[in-house]
Amino acid sequence: MSLRVLAIGKKHESWVTEGIDRYEKRMKKPFDLSWQLLPHSSREGDAARAEESERILAKVNNQDFVVLLDERGKNIDSPTLAATLTQAFDSAKPVTLIIGGAYGVDASVHSRSNFVWSLSKLVFPHQLVRLILAEQLYRAQEIAGGRPYHHV
């Protein structure tokens, strides 16, 4: 079991890579983190959304617990994220987190998702979302393990 991020977009910029590497090196099973970047569509609007959503779903396995990052998703705190991921791991389900493209994802990806999560009501650039996600996954690991990284 592991955490896999499917993201539409270009490879990580150097400052993002440095930050993600920092958190990835600290992660332990089952919080192993891997990234799969899928190319942007050359189309725009609904056509791009549909094409990118199809690419995403082609990479999702039937047994995956799918977490979709979406600004209209549920706002949760870090302990709730830790509990959500732990529950998926306890059910022996690999976790796939999805970051859609600039136009978002279509209803098919929403339907396949087990949980739709909003990092914030604010909208962030995709590169920054990746870094925030890496830190929050590391934080979830530490909370789940009862370690003192997270202070309430």
Side-chain angles (χ1 to χ4, degrees), residues 1-12 16-17 19-21 23-121 123-146:
M1 286 186 296
S2 62
L3 295 165
R4 177 177 61 138
V5 179
L6 292 176
I8 298 293
K10 302 173 192 166
K11 71 179 196 168
H12 304 308
V16 174
T17 299
I20 288 173
D21 285 351
Y23 294 109
E24 280 183 341
K25 287 176 185 170
R26 298 177 181 180
M27 289 191 192
K28 301 167 183 66
K29 289 188 182 300
F31 285 83
D32 287 337
L33 182 59
S34 65
W35 297 84
Q36 188 169 10
L37 303 179
L38 305 173
H40 286 286
S41 172
S42 60
R43 300 174 177 183
E44 293 185 14
D46 291 341
R49 183 181 308 112
E51 183 181 319
E52 291 170 356
S53 294
E54 189 176 309
R55 283 187 201 151
I56 289 168
L57 289 177
K59 300 291 183 182
V60 174
N61 298 314
N62 289 337
Q63 71 275 17
D64 289 357
F65 182 85
V66 176
V67 177
L68 172 63
L69 279 78
D70 187 295
E71 65 191 69
R72 294 169 299 277
K74 186 174 182 181
N75 241 321
I76 59 172
D77 60 15
S78 297
T80 302
L81 175 62
T84 300
L85 295 175
T86 299
Q87 184 177 18
F89 292 145
D90 289 347
S91 300
K93 293 187 176 195
V95 175
T96 296
L97 298 107
I98 296 172
I99 303 171
Y103 298 104
V105 296
D106 67 16
S108 65
V109 178
H110 278 270
S111 294
R112 175 57 186 87
S113 299
N114 299 94
F115 184 69
V116 182
W117 172 33
S118 172
L119 291 176
S120 170
K121 291 185 182 209
V123 177
F124 300 112
H126 281 75
Q127 294 280 325
L128 187 55
V129 167
R130 294 176 194 176
L131 181 55
I132 293 169
L133 178 59
E135 190 280 335
Q136 282 300 300
L137 294 173
Y138 172 70
R139 183 178 296 274
Q141 170 192 273
E142 295 302 286
I143 291 168

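Remember, predicted model here, so these are calculated numbers, not experimental data. We're numbering straight along the sequence, starting at 1.
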Test L85 against F31 for side-chain contact (heavy atoms from CB on, under 4.5 Å), laying out the working first. CA-CA 9 Å; L85 295 175; F31 285 83; 3.9 Å; yes
Go through the steps to decide whether V116 and K74 satisfy the test side-chain contact (heavy atoms from CB on, under 4.5 Å), and finish with yes or no. CA-CA 6 Å; V116 182; K74 186 174 182 181; over 6 Å; no
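Put simply, the side chain of F115 does not reach to within 4.5 Å of the side chain of L97, judged on heavy atoms. V67 has its side chain out of reach of L81: every pair of non-hydrogen atoms, C-beta onward, lies at least 4.5 Å apart. At a threshold of 4.5 Å between non-hydrogen side-chain atoms, the residues I143 and T86 do not count as touching.
In terms of heavy atoms, A82 sits closest to A144 at CB-N, 4.2 Å. In this structure, S78 and Q136 approach most closely via the heavy-atom pair OG-OE1, 2.7 Å. When every heavy atom of Q141 is checked against every heavy atom of M27, the shortest pair comes out as OE1-CA, 3.0 Å. The heavy-atom pair separating S113 from L68 by the smallest distance is OG-CB, 3.3 Å. Of all heavy-atom pairs spanning G9 and L37, the tightest one is O-CB, 3.9 Å. Contact record, I56 with G100: CD1-CA, 4.4 Å, taken as the closest heavy-atom pair.
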Can you list, pair by pair, the side-chain donor-acceptor contacts under 3.5 Å of residues 59-66, counting residues two or more places apart and other chains?
{"residue": "D64", "atom": "OD2", "partner": "R4", "partner atom": "NH2", "Å": "3.1"}
{"residue": "D64", "atom": "OD2", "partner": "N61", "partner atom": "N", "Å": "3.1"}
{"residue": "D64", "atom": "OD2", "partner": "T96", "partner atom": "OG1", "Å": "2.8"}

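Once rounded to the nearest 0.5 Å, the distance linking OH of Y23 with CG of L133 reads 12.0 Å. Of the inter-residue distances, the one linking I99 atom CD1 with W35 atom CH2 reads 5.0 Å to the nearest 0.5 angstrom. A distance of 13.5 Å separates NZ in K25 from CG in L33, rounded to the nearest 0.5 Å. Of the inter-residue distances, the one linking L3 atom CG with E24 atom CD reads 10.5 Å to the nearest 0.5 angstrom. For the atom pair S118 OG and D70 CG, the distance stands at 7.5 Å (nearest 0.5 Å). Once rounded to the nearest 0.5 Å, the distance linking NZ of K121 with CZ of R72 reads 13.0 Å.
Residues that satisfy the ring-ring contact (aromatic ring centres under 6.0 Å, His included) test with W117, not counting sequence neighbours, are absent from this structure. Qualifying ring-ring contact (aromatic ring centres under 6.0 Å, His included) partners for H110, counting only residues two or more places apart in sequence or in other chains: none. Scored by the side-chain hydrogen bond (donor to acceptor under 3.5 Å, both in side chains) test, S41 finds E51 as partners (sequence neighbours excluded). Partners of Y103 under the ring-ring contact (aromatic ring centres under 6.0 Å, His included) rule, at least two apart in sequence or in another chain, do not exist in this structure.
In this structure, the side chain of E135 does not engage the main chain of G19 through any donor-acceptor pair within 3.5 Å.
Residue pairs meeting the side chain to side chain donor-acceptor pair (under 3.5 Å) criterion with at least one partner in residues 123-133, sequence neighbours excluded, are H12-R130.
Around NZ of K28, the count of heavy atoms belonging to other residues, nucleotides or ligands within 6.0 Å exceeds 12. Counting heavy atoms of neighbouring residues, nucleotides and ligands inside a 6.0 Å radius, atom CD of Q87 does not exceed 12 of them.
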